[in-house]
Amino acid sequence: LYKANQHIQSIMKNYVLIPAIMFSLFSCKQNSDKSAEKNLTGDSQQLENLETCYEAVHGQDSVKLSVIYSAGNITGSLLYNNPQSSNFSTGTFTGTKSGDTLKLLSRTATGGNISFNEIYLLNKSGKLYEGIGEVEKINDSTTVFSDPTKIDFNKSFVFSKTECNF
């Protein structure tokens with residue numbers, strides 16, 4: 001009877017020990033899941049506010065862009081250089097992303113004049129392709145595309161990623 005009692009106690013210890021081990025493993029798994037979730041959230045937030053810079057050259061003209069994605073919105077700056085006319089423009093832009101297209105409104109200053117223009121950029125294979133098309137003036141300083149469905153992304157600047165040093 002004594003040996004039977006010891007055997008039952010041994011089995012009871014295992015019944016208590018096994019659930020305790022399972023509980024510990026489950027708790028560790030939950031903590032590692034939460035930790036991984038925090039890392040993913042942190043990584044996406046880090047990517048969310050990441051600055052990416054691009055540069056394009058078309059003939060003797062060059063354009064540099066600094067693009068920042070933040071909370072679904074896009075902000076950034078641009079520098080346009082045209083050595084033929086000894087002219088350069090600086091500006092800022094804001095906008096949104098719709099599919100693979102960045103839809104931006106830029107504010108540029110050239111020789112004391114300020115203008116607002118729509119800019120559409122197609123994001124394809126890690127490059128940005130500037131769209132061109134018919135535009136209309138809304139007022140003295142603002143132009144927008146007449147028909148955004150007819151924008152051509154194959155005839156203007158092609159931006160490649162570059163260092164952010166402007």
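Residues: numbered from 1 along the sequence shown.
Hydrophobic clustering keeps Tyr129 apart from Val67 (ILVMFWY residues linked when any side-chain heavy atoms are closer than 4.5 Å, directly or through intermediates).
Residues Ser106 and Leu78 meet the side-chain proximity criterion, which asks for heavy atoms closer than 4.5 Å. The shortest side-chain heavy-atom distance between Ser66 and Lys64 does not fall under the 4.5 Å cut-off. Taking 4.5 Å as the limit, some side-chain heavy atom of Asn123 sits within range of a side-chain heavy atom of Leu102.
Under the rule for a side chain to side chain contact (heavy atoms under 4.5 Å, CB included), the partners of Glu134 that lie at least two apart in sequence or sit in another chain are Ser146. Evaluation of the side-chain hydrogen bond (donor to acceptor under 3.5 Å, both in side chains) rule for Ser141 yields Asn139 as partners, not counting sequence neighbours. Qualifying ring pair (Phe, Tyr, Trp, His ring centres under 6.0 Å) partners for Tyr80, counting only residues two or more places apart in sequence or in other chains: none.
Contact between Gly126 and Tyr54 at its shortest, heavy atoms only, is O-CE2, 4.1 Å.
Heavy atoms from other residues, nucleotides or ligands lying under 6.0 Å from CG of Asp140 number 12 at most.
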Extract all donor-acceptor atom pairs below 3.5 Å that involve side chains of residues 110-119 and protein atoms in other chains or at least two apart in sequence.
unit_1	atom_1	unit_2	atom_2	d
Thr110	OG1	Ser89	OG	2.5
Ser115	OG	Thr108	OG1	3.0
Ser115	OG	Asn117	ND2	3.4
Asn117	OD1	Thr143	OG1	2.5
Glu118	OE1	Phe145	N	2.7

Residues 92-101 side chain polar contacts: donor-acceptor under 3.5 Å, at least two apart:
none

Pairs under 3.5 angstrom only: tabulate donor-acceptor contacts from the side chains of residues 151-166 to other protein residues two or more places apart or in another chain.
unit_1	atom_1	unit_2	atom_2	d
Asp152	OD1	Asn154	N	2.8
Ser156	OG	Glu130	OE1	2.7

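Taken from CG in Leu79 to CD in Glu55, the straight-line distance is 9.0 Å, to the nearest 0.5 Å.
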